[in-house]
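Keep in mind that this is a model prediction, so the values were computed, not measured.
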Amino acid sequence: MYRKELKRLIDKYPDALCINLGCGFDDKFSQVDNGRITWFDVDLPDQIEKRRKVYSDRERCTMLDGSALDGEWINQLPKRDMNIIVMEGVLEYFSKDQVKTCINMLCDSFEHGYLLAELHSPFLEKNGSHHDAVKHTNATFGWGTKSGREYLALEPRMSLVSETSYNEEMKKYSIRGKLFAIVGKNINNRLAVFKW
């Protein structure tokens, strides 16, 4: 889903500045590179240190220390007319106040942009301790929403372009996925695309 949406936006804005914020070990750049975009993989210093053991900086793809809650690192970026920010598996761990801090910072720092964000439900916020992603860690899920429209109250400069449940992708591959798309319709995570 992310790759498809990213490619669509990069086709529309082939010289965009792209930022994978909270990148972890993800390597979306190699999946969507059009030979023209400028890409930054951004994460906390300890995570970037670990990432550098696996990846190296490449032409037009640079690793950078930075926090999704503090925009100081943005001063190191080149200016572009369009900015595409990816936050997969990041905002779902933030409180409502932290989400607000993050999206306000993005809108303050980039005149125009798109945010591709993974969102989760209030059900997962309340029952997330059993989820595979956190049950063997100290992590907890943060603010869950029924719709990406709830983000617009925190940052009115943003508009919601689209929102797609991961069920839409899962149901293509198995009967179990099709069943979960019906039974767990409002439980699974979603890809929300915002624009400002």
Side-chain angles (χ1 to χ4, degrees), residues 1-6 19-28 41-48 50-51 65-71 73 84-107 113-156 158-174 176-196:
M1 287 174 58
Y2 272 83
R3 181 169 56 188
K4 181 180 176 183
E5 189 59 33
L6 263 171
I19 301 156
N20 192 353
L21 184 52
C23 59
F25 286 102
D26 183 43
D27 185 28
K28 282 192 175 52
D41 287 309
V42 180
D43 213 323
L44 297 172
D46 61 330
Q47 184 59 44
I48 291 295
K50 292 173 188 164
R51 183 181 174 87
D65 294 353
S67 167
L69 299 173
D70 175 0
W73 53 274
I84 302 170
I85 295 101
V86 177
M87 295 187 76
E88 183 175 10
V90 180
L91 291 174
E92 60 189 320
Y93 297 99
F94 284 5
S95 68
K96 185 175 181 179
D97 285 344
Q98 288 173 318
V99 169
K100 178 175 171 53
T101 296
C102 177
I103 61 177
N104 292 167
M105 178 263 294
L106 292 175
C107 287
Y114 285 88
L115 170 64
L116 284 69
E118 181 174 6
L119 310 184
H120 69 278
S121 69
F123 176 86
L124 194 57
E125 178 185 354
K126 292 182 180 119
N127 301 284
S129 60
H130 306 293
H131 193 280
D132 289 345
V134 299
K135 68 181 178 183
H136 300 297
T137 72
N138 292 324
T140 57
F141 286 117
W143 182 46
T145 58
K146 292 181 180 177
S147 165
R149 286 187 294 276
E150 293 175 56
Y151 274 49
L152 306 185
L154 305 181
E155 179 44 84
M158 281 185 166
S159 60
L160 181 62
V161 176
S162 65
E163 188 169 10
T164 310
S165 171
Y166 285 10
N167 290 337
E168 294 304 311
E169 191 66 23
M170 289 172 56
K171 71 183 183 183
K172 295 177 187 175
Y173 301 106
S174 70
R176 180 180 176 203
K178 289 177 184 174
L179 288 173
F180 189 75
I182 297 167
V183 177
K185 182 180 177 184
N186 297 317
I187 296 175
N188 209 352
N189 288 13
R190 293 113 51 209
L191 167 59
V193 180
F194 299 94
K195 180 182 180 180
W196 68 97

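- Nearest heavy atom pair, residue Leu116 against residue Tyr2, reads O-CE2, 3.9 Å.
- With values rounded to the nearest 0.5 angstrom, Ser165 atom OG is found 8.5 Å from Asn189 atom CG.
- When the side-chain hydrogen bond (donor to acceptor under 3.5 Å, both in side chains) test is applied to Asn104, the partners found at least two apart in sequence or on another chain are Lys100, Glu155.
- Nearest approach of Thr140 to Tyr93, heavy atoms of both residues: O-CD2, 3.3 Å.
- Listed by chain and residue number, Arg58 satisfy the salt bridge (charged side-chain N to carboxylate O under 4.0 Å, His left out) test with Asp27 (two or more places apart in sequence, or in another chain).
- Ala68 approaches Met87 most closely through the heavy-atom pair CB-CE, 3.8 Å.
- Under the 3.5 Å distance criterion, the side-chain polar atoms of Gln47 are left unmatched by any main-chain donor or acceptor of Leu44.
- In terms of heavy atoms, Val42 sits closest to Ile19 at CG2-CG2, 3.8 Å.
- Scored by the side-chain hydrogen bond (donor to acceptor under 3.5 Å, both in side chains) test, Asp26 finds Asn20, Lys28 as partners (sequence neighbours excluded).
- Here Ser67 contributes atom OG and Met105 contributes atom CE; the two are 6.5 Å apart, rounded to the nearest 0.5 Å.
- Interatomic distance, CG of Leu115 versus CD1 of Ile103, reported as 8.0 Å (0.5 Å rounding).
- Just one residue in the list Glu163, Arg190, His120 forms a side chain to side chain donor-acceptor pair (under 3.5 Å) with Thr145, and that residue is Arg190.
- Note that the NZ atom of Lys50 and the CG atom of Asp46 stand 5.0 Å from one another [nearest 0.5 Å].
- No close placement of the Phe194 and Tyr114 rings is indicated, their centers lying 6.0 Å or farther apart.
- Contact between Phe94 and Cys102 at its shortest, heavy atoms only, is CE2-CB, 4.3 Å.
- Note on Asp43 versus Arg51: no salt bridge recorded, every NZ/NE/NH1/NH2 to OD/OE distance being 4.0 Å or above.
- Using a 4.5 Å cut-off on side-chain heavy atoms (C-beta onward), Leu21 and Val90 make no contact.
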> Step by step, would you call Tyr151 with Leu160 a side chain to side chain contact (heavy atoms under 4.5 Å, CB included)?
Replying inline: CA-CA 9 Å; Tyr151 274 49; Leu160 181 62; over 6 Å; no
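- Using a 4.5 Å heavy-atom cutoff, the side chains of Ile48 and Cys23 are in contact.
- Residues satisfying the salt bridge (charged side-chain N to carboxylate O under 4.0 Å, His left out) criterion with Asp97, sequence neighbours excluded, are absent altogether.
- Between Glu92 and Gly89, the shortest heavy-atom distance links the atoms OE2-CA, 3.0 Å.
- Not counting sequence neighbours, Glu118 has no partner by the salt bridge (charged side-chain N to carboxylate O under 4.0 Å, His left out) test.
- Residues forming a side-chain hydrogen bond (donor to acceptor under 3.5 Å, both in side chains) with Glu150 (at least two apart in sequence, or on another chain): none.
- Note that CG of Leu191 is 6.5 Å distant from OG of Ser162, once rounded to the nearest 0.5 Å.
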